[in-house]
Amino acid sequence: MLSIKFITHSSNTSFHRLTKLWIEYFNNQDGIVATSSDIKTDVTVLHPAIDILVNLRKVDKQKDGLIVCVDVSDTDRVSQKYSSVINSNCDVVITHSEWSKKGMINGGVNVPIEVISHGIEYKKVRHERGVGFYLSFLPEQIYRKGTDLAINVLNRLKDLNIIVKQYQTNYPLKWKTIGWVNDIYEEYYSKFSLFVHLPRGGAQELEVYEALASGCNVIVPDHPLFEGLPVIRAKSHYIPKIILPYWLQEYHIGGGYEADVDDVVDKIYKSIDLPPPDYKPKTMEEFVKEFISVTNEYLQK
């Protein structure tokens, strides 16, 4: 029997919610016992690793066993501080995109890094004609997630059905806006046929995977983050520095890609009536099985 504990945020953050879901799925696998209790286990998963290691908890090899660090690089290069913390504490890193892996390597991370894209649960839905945006006004995300670019695009759109979903914020906007919904597919993705997401940096944008899986077309920057996905790429240019709050700039010091707003607007009008992509992403069940396979491989070394 393989025992695994997950150490994450204690509050209701996206990391906390996702980790709780992982524990449920891990416990459905034969030969696995997963817990959030800080007890002696064969494997300890830290998520997000850099935040846990710097602010919340130190590694105890006698108690923790194999240390699996789940984290991301939000730019194309992490800092020396980031790499030093990861190299001295982690047996293996799991991240969710090749972009993120390269950002870690560029910054000096030298422990093994495995890329396992997030799994999601999804369903195909019928779509109304329109355009959807997912905006965050959190200070650390406005620039990195391209909220300013999206607002610029929104102000140029005329005579289109538009729906905006806000992430953990509730700013008054002149477009139809929704917040928390119980069924993201029926209550959000079904309301439009084209999704627009314009991050300058990131590791894996789950909303892009969800939108594609639901049957939406998706416009993104021409960014390495989205390699291999059936997306519509807007003209973009490389920026050598992504603007982040100080506490994030301590760890993510590189650049990213910025979409050309004029080309995004042009592609919206050209793409809104295209047939949907036939896309089937990795499920949560598949993600968990791959995660366990990688973990077992490092336990045997």
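These numbers were taken from a predicted model, which means no experiment stands behind them.
- Cys69 contributes atom SG, which lies 10.0 Å from atom CG of Asn87 (distance to the nearest 0.5 angstrom).
- Heavy-atom minimum distance, Thr75 versus Trp99: C-CZ2, 3.6 Å.
- Ring centroids of Phe6 and Phe26 are separated by less than 6.0 Å, placing the two rings close together.
- Contact annotation: the side chain of Ile50 never approaches that of Val78 to less than 4.5 Å [non-hydrogen atoms, C-beta and beyond].
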*Derivation of the side-chain hydrogen bond (donor to acceptor under 3.5 Å, both in side chains) call for Asn155 and Lys174*: CA-CA 10 Å; Asn155 281 323; Lys174 61 183 179 181; 3.0 Å; yes

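- Using a cutoff of 4.0 Å between basic side-chain nitrogens and carboxylate oxygens, Asp273 and Arg129 are scored as salt-bridged.
- Scanning both residues, Gly108 and Ser83, for their nearest heavy atoms gives C-CB, 3.5 Å.
- When only modelled atom types and interatomic distance are considered, Thr35 and Lys5 share no side-chain donor-acceptor pair under 3.5 Å.
- Looking at Glu210 and Tyr188, their side chains never bring a donor and an acceptor atom within 3.5 Å of each other.
- For the residue pair Lys40 and Gln62, the shortest heavy atom distance occurs at NZ-O, 2.5 Å.
- Between Lys123 and Asp183 there is a salt bridge, with a side-chain nitrogen of the basic residue lying less than 4.0 Å from a carboxylate oxygen of the acidic one.
- Under the 4.0 Å criterion applied to side-chain N and carboxylate O atoms, Lys61 and Asp91 are assigned as salt-bridge partners.
- The side-chain contact (heavy atoms from CB on, under 4.5 Å) test with Ile113 is passed by exactly one of Ile86, Ile94, Val92, Val93: Val93.
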*Can you check side-chain contact (heavy atoms from CB on, under 4.5 Å) on Lys235 and Asp262, steps first, answer last?*
CA-CA 9 Å; Lys235 293 177 184 177; Asp262 290 336; over 6 Å; no

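- No cation-pi contact links Arg233 to Phe226, judged by a cut-off of 6.0 Å to the six-membered ring centre and 45° from its axis.
- At least one side-chain heavy atom of Pro199 sits under 4.5 Å from a side-chain heavy atom of Pro221.
- Salt bridge status for Lys165 with Glu207: absent, with no side-chain N to carboxylate O gap under 4.0 Å.
- We find the CG-CZ distance between Leu149 and Phe133 to be 11.0 Å, quoted to the nearest 0.5 Å.
- For Glu286 against Thr283, the heavy-atom pair with the smallest separation is OE1-N, 2.8 Å.
- The side-chain contact (heavy atoms from CB on, under 4.5 Å) with Thr95 is formed by just one residue from the set Asp71, Ile116, Val72; it is Val72.
- Residues Glu98 and Pro224 are not in side-chain contact: their nearest non-hydrogen atoms beyond the backbone lie 4.5 Å or more apart.
- The aromatic rings of Phe291 and Trp22 sit tilted, their planes meeting at an angle between 30° and 60°.
- The pair Asp148-Arg200 meets the salt-bridge criterion, with a side-chain N (NZ, NE, NH1 or NH2) lying under 4.0 Å from an Asp/Glu carboxylate O.
- For Asn161 and Lys191, the side-chain atoms include no donor-acceptor pair closer than 3.5 Å.
- The aromatic rings of His223 and Tyr257 sit tilted, their planes meeting at an angle between 30° and 60°.
- A 4.5 Å side-chain heavy-atom check between Val196 and Leu154 finds every atom pair outside the cut-off.
- The two residues Gly215 and Pro276 come nearest to each other via the heavy atoms O-CB, 2.9 Å.
- In this structure, Lys270 places its NZ atom where only 12 or fewer heavy-atom neighbours from other residues, nucleotides or ligands lie under 6.0 Å away.
- Ring pair Phe287/His118 is tilted by interplanar angle, where 30° to 60° counts as tilted.
- Enclosure of atom CD in Glu121 by more than 12 non-hydrogen atoms of other residues, nucleotides or ligands within 6.0 angstrom is indicated.
- Taking the six-membered ring for Trp and thresholds of 30 and 60 degrees, Phe192 and Tyr189 have ring planes more than 60 degrees apart, a perpendicular arrangement.
- When the shell of 6.0 Å around NZ of Lys241 is examined, it contains more than 12 heavy atoms from other residues, nucleotides or ligands.
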